[in-house]
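Everything on this sheet refers to the single structure shown next.
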Amino acid sequence: MPRAPRVASDGTYKECAGGPCPESGEPGLPGSFTFRPNEADIDPATGKTDVTAYLVRLQGEEGATLVSGAEASHIVIPPSDGMQTLEVQARDRGERWGPRAYFKFNVKPAPGAVSHWRFADRPTDPSVTTTKDTATEGTERHDATLMDGAGWSERGRRGADDFSLDLNSTAPAKQKAYASTSGPVVDTKDSFTVSAWAYLDGTKSDQVLLSAPGKQDSAFALYYSARQKKWAFGRGAKDVKGTVDAVSYGEAAGPPARVWTHLAGVFDTKRDADRTNDTVQLFVNGRPQGQPVRLSAAAPAYEPWTSSEGLQIGRSKRSGSYQQYFHGYVDEVRIWQRALRPMDVVQVSTLSIEGSPATELVADWNADHATGRQIADLSGYGRPALALSPQGAQLRADSAGRREVALDGAKGYAAASGPVIDETGSFTVSARVRVDSALWAAKPNGYRATVAGQKLANESSWALVLTKIVGEEASWYVWSFERTAVDARGKVTERVKLQSNTAMEPEQFDVPLDVTGVFNAAGTSPGAAQNGPGELGLYIGTTAVGGSAYAELTSQGTGELAAGRGASDGTTGHYFPGGLERLRLWSGSMTANGLRQVLEEGAAG
């Protein structure tokens with residue numbers, strides 16, 4: 001049986017050998033390790049050994065790698081920072097495995113963003129037109145100056161008391177608002193990543209969130225392409241007029257306007273000087289869009305070049321002139337001087353505050369503030385009012401004096417034009433309802449009632465649903481949060497239902513009840529190779545019910561966003577018998593603690 005083998009590093013990762021353990025490398029950086037037989041397993045006379053292979057495993061990872069040879073090398077890529085341990089076993093000609101050797105090393109944290117503009121520093125002095133670069137990596141900061149009508153908006157992606165960069169105009173045809181730094185913030189010749197939250201006001205023209213210009217062209221541009229009707233991340237081949245870009249486009253055409261979407265672009269040189277393997281790739285809401293685009297194939301004239309001008313937020317340079325101005329809001333702009341890994345982009349897109357995902361209220365219809373047969377949106381995003389249906393829906397006060405929309409379960413509903421969230425990203429929907437026991441008693445077995453949902457062809461892309469199930473001795477009422485995806489012809493490609501594992505209790509009827517669905521785009525089903533579209537969660541009040549369900553596909557709903565009716569299995573209707581007090585939607589996936597806070601605030605208000 002062989003002894004524990006010898007393990008040596010190429011120097012990328014340094015072994016912890018007693019005393020303080022030095023930090024080295026970084027997550028995602030390949031390091032080469034060489035394995036040799038234990039000296040006791042080498043014949044001193046011949047220099048030969050019976051060792052034929054090694055089994056290699058990084059602790060914490062599933063599986064191991066078999067490396068053949070008496071002396072062999074293997075590339076290890078640490079997935080995270082901190083202490084790591086490489087386990088290695090030798091095998092001899094008799095197929096016997098020896099004891100493990102351990103190589104411990106301390107992975108240095110990856111460099112942070114070299115620049116970060118939060119736009120949370122709205123000044124009280126209107127003469128101040130700069131916003132701070134709040135990054136902490138390095139010592140050089142690049143504050144950005146707001147130009148030509150750019151300002152601050154209270155529509156901030158981090159939620160209450162946050163701000164974003166406002167690039168809207170009362171005359172969109174003359175819109176030229178932007179922000180820029182005085183000089184370059186990143187070397188575009190080397191690997192880099194850019195990201196931002198975008199709220200696109202319209203889709204009729206090309207609109208650029210971020211770019212790094214030279215004299216004639218932009219080294220990169222993160223933008224919306226009106227021609228392709230897709231988000232895009234492009235790299236200019238050369239700093240000359242008429243240059244051809246290598247572009248990574250979003251997979252889905254027709255992304256919705258007037259919603260928050262997270263975008264990231266990655267330029268990757270593979271840490272070498274070979275320009276033929278340089279790539280660009282777009283990420284939308286944390287997910288890679290297609291395969292990385294190789295620049296030398298998409299733009300044969302490509303040569304790596306460095307932007308010479310300041311970063312532009314809200315415009316780009318083409319053929320020597322600035323154009324493609326962005327209409328809408330931009331928030332949380334960040335830039336790294338490295339190619340972020342897909343798992344890193346997912347983390348960035350989550351936008352955490354003290355470990356919890358940030359959420360922004362983007363629609364809020366409260367019956368207490370109804371006028372006539374209209375319920376105005378109170379979110380500050382100017383959503384259309386929920387309009388009550390001509391029949392079956394009435395505003396009235398309940399027994400406690402709270403106003404609600406009373407729905408007859410046959411024709412009544414309230415609707416507005418949607419969508420209000422990007423459904424490929426994380427979102428939360430919560431409704432305060434009253435389930436009418438008398439109306440429900442008359443409903444047949446299997447009756448499905450939609451509390452709220454977003455229309456998608458002849459389906460609902462998402463919906464909160466209550467279903468009646470008649471048993472041998474009693475009727476059961478079960479809540480569910482559901483997502484449906486369809487193809488280009490409207491044919492259903494996936495239905496996912498997260499159903500409550502408990503039925504409604506008798507005391508939950510005829511009283512206000514909060515029902516909440518959460519879609520976490522960063523959620524991954526067990527065993528999945530990478531992040532899929534996401535994980536569903538369901539809450540009754542502040543209690544999670546039903547565990548988890550995972551969607552592999554998503555489709556973006558359009559048209560009617562309704563309370564009190566919906567569509568499924570190609571059938572529109574599913575009218576809800578009861579009352580609706582309030583319907584709210586957030587960009588971002590709310591945690592149980594976050595939900596508890598907003599429900600308590602809502603009850604107090």
- Answer whether the closest heavy-atom distance between the side chains of Ser195 and Glu332 falls below 4.5 Å. no
- Query: For Asp272, does the CG atom sit with more than 12 other heavy atoms under 6.0 Å from it, leaving out its own atoms?
  - Reply: yes
- Message: So, taking the atom named CE in Met590 and the one named CG in Leu361, what distance separates them when rounded to the nearest 0.5 Å?
- Response: 8.0 Å
- Is there a donor-acceptor contact under 3.5 Å from the side chain of Glu494 to the main chain of Leu553? yes
- Closest non-hydrogen atom pair between Arg258 and Asp201, with its separation: CG-O, 3.8 Å
- From OG (Ser296) to CD (Glu303), nearest 0.5 Å: 10.5 Å
- Query: Hey, does the side chain of Thr188 reach the backbone of Ser307 with a donor-acceptor pair shorter than 3.5 angstrom?
  - Reply: yes
- Message: So Phe233 and Val194, do their side chains get closer than 4.5 Å, heavy atoms only?
- Response: yes
- Message: Between Gln454 (side chain only) and Gly559 (backbone N and O only), is there a donor and an acceptor less than 3.5 Å apart?
- Response: yes
- Between the side chains of Glu459 and Thr484, is a donor N or O closer than 3.5 angstrom to an acceptor N or O? no
- Item | Glu309 side chain near Lys215 side chain, heavy-atom distance below 4.5 Å | yes
- Query: Rounded to the nearest 0.5 Å, what separation is found between the CZ atom of Arg294 and the CG atom of Asp268?
  - Reply: 13.5 Å
- Going by atom types only, do Asp121 and Thr131 share a side-chain donor-acceptor pair under 3.5 Å? yes
- Measure the spacing between CH2 of Trp462 and CG of Leu585 and express it to the nearest 0.5 Å. 5.0 Å
- So, the side chain of Thr350 versus the backbone of Ser352: is there a donor-acceptor pair under 3.5 Å, distance only? no
- Message: Please find the pair of heavy atoms, one from Val293 and one from Ala246, that lie closest to each other, and give the distance.
- Response: CG1-CB, 4.5 Å
- Task: Let me see the working for Arg227 and Ser225 under side chain to side chain donor-acceptor pair (under 3.5 Å), right down to the final yes or no.
- Result: CA-CA 5 Å; Arg227 180 177 181 180; Ser225 169; over 6 Å; no
- Item | Pairs where residues 338-353 contributes a residue and the test salt bridge (charged side-chain N to carboxylate O under 4.0 Å, His left out) is met, not counting sequence neighbours | Arg338-Asp344, Arg341-Asp344
- Do Glu423 and Thr554 have side-chain atoms, one donor and one acceptor, less than 3.5 Å apart? no
- Query: What's the verdict on salt bridge (Lys or Arg N to Asp or Glu O under 4.0 Å) for Arg157 and Asp162, showing C-alpha distance, side-chain angles and the deciding distance?
  - Reply: CA-CA 7 Å; Arg157 180 55 186 81; Asp162 190 28; over 6 Å; no
- Message: For a quick test of reading the model, state the closest non-hydrogen atom pair linking Lys108 to Pro27 and the distance between them.
- Response: O-CD, 3.2 Å
- Do Gln228 side-chain atoms and Ala226 backbone N/O form a donor-acceptor pair below 3.5 Å? no
- Query: Any Lys/Arg nitrogen of Asp166 or Arg122 sitting under 4.0 Å from an Asp/Glu carboxylate oxygen of the other?
  - Reply: no
- Message: For Glu137, I'd like to know if atom CD has over 12 heavy atoms of other residues, nucleotides or ligands within 6.0 Å.
- Response: yes
- Whether Asp377 side chain and Asp364 backbone form a donor-acceptor pair below 3.5 Å: yes
- Between Ser191 and Thr269: side-chain donor-acceptor atoms closer than 3.5 Å: yes
- Pairing residues for Asp143 by the salt bridge (charged side-chain N to carboxylate O under 4.0 Å, His left out) criterion, not counting sequence neighbours: Lys132
- Query: Does the separation of the ring centres of Phe163 and Phe119 fall below 6.0 angstrom?
  - Reply: no
- Which value, rounded to the nearest 0.5 Å, describes the distance between Tyr325 atom OH and Arg315 atom CZ? 4.5 Å
- Item | Donor-acceptor under 3.5 Å (Thr424 side chain, Pro533 main chain) | no
- Task: With the side chain counted from C-beta on, respond yes when Tyr329 and Trp197 share a heavy-atom pair under 4.5 Å apart, and no when they do not.
- Result: no
- Task: Please assess Glu535 against Phe519 for the test side-chain contact (heavy atoms from CB on, under 4.5 Å), listing each intermediate value before the final yes or no.
- Result: CA-CA 6 Å; Glu535 178 182 9; Phe519 181 71; over 6 Å; no
- Task: Mark yes or no for whether His142, through its side chain, and Gly183, through its backbone, hold a donor-acceptor pair below 3.5 Å.
- Result: no
- Do Phe220 and Leu210 come close enough that some side-chain heavy atom pair is under 4.5 Å? yes
- Considering all heavy atoms, the nearest Thr591-Pro357 contact: CG2-CD, 3.7 Å
- Query: For residues Asp187 and Thr306, is any side-chain donor paired with an opposing acceptor at under 3.5 Å?
  - Reply: yes
- Derivation and outcome, side-chain contact (heavy atoms from CB on, under 4.5 Å), residues Tyr178 and Val330: CA-CA 10 Å; Tyr178 67 97; Val330 180; over 6 Å; no
- Of all residues at least two apart in sequence or in a different chain, which pass the salt bridge (charged side-chain N to carboxylate O under 4.0 Å, His left out) check with Asp487? Arg489
- Would you mind reporting whether Asp217 and Lys317 have side-chain heavy atoms less than 4.5 Å apart? no
- Item | pair Arg158-Asp331: side-chain heavy atoms closer than 4.5 Å | no
- Message: Between Leu295 and Arg275, does the side-chain contact (heavy atoms from CB on, under 4.5 Å) criterion hold? Intermediate values first, please.
- Response: CA-CA 8 Å; Leu295 277 80; Arg275 71 175 183 84; over 6 Å; no
- Message: Pair Ser379, Val362 - check side-chain contact (heavy atoms from CB on, under 4.5 Å), show working.
- Response: CA-CA 6 Å; Ser379 70; Val362 295; 5.5 Å; no
- With a cut-off of under 6.0 Å to the ring centre and 45° to the axis, is Arg235 in cation-pi contact with Tyr302? no
- Item | Whether over 12 other heavy atoms sit under 6.0 Å from Lys491 NZ | no
- Query: Can any side-chain N or O of Ser32 pair as donor or acceptor with the backbone N or O of Asp10 at less than 3.5 Å?
  - Reply: no
- Over all atoms of both residues, closest heavy-atom pair of Gln289 and Arg287: NE2-O, 2.9 Å
- Query: Say you draw a straight line from OH of Tyr223 to CG of Leu209; how long is it, rounded to the nearest 0.5 Å?
  - Reply: 12.0 Å
- Message: Under the side chain to side chain donor-acceptor pair (under 3.5 Å) test against Glu360, which residue among Trp586, Trp260, Tyr381 passes?
- Response: Tyr381
- Message: On a heavy-atom basis, which atom in Tyr224 and which in Leu200 lie closest, and how many Å separate them?
- Response: CG-CD2, 3.8 Å
- Query: Are any of the side-chain heavy atoms of Glu26 and Pro111 separated by less than 4.5 Å?
  - Reply: yes
- Task: State whether the side chain of Arg141 and the backbone N or O of Val114 hold a donor-acceptor pair below 3.5 Å, judged by distance alone.
- Result: yes
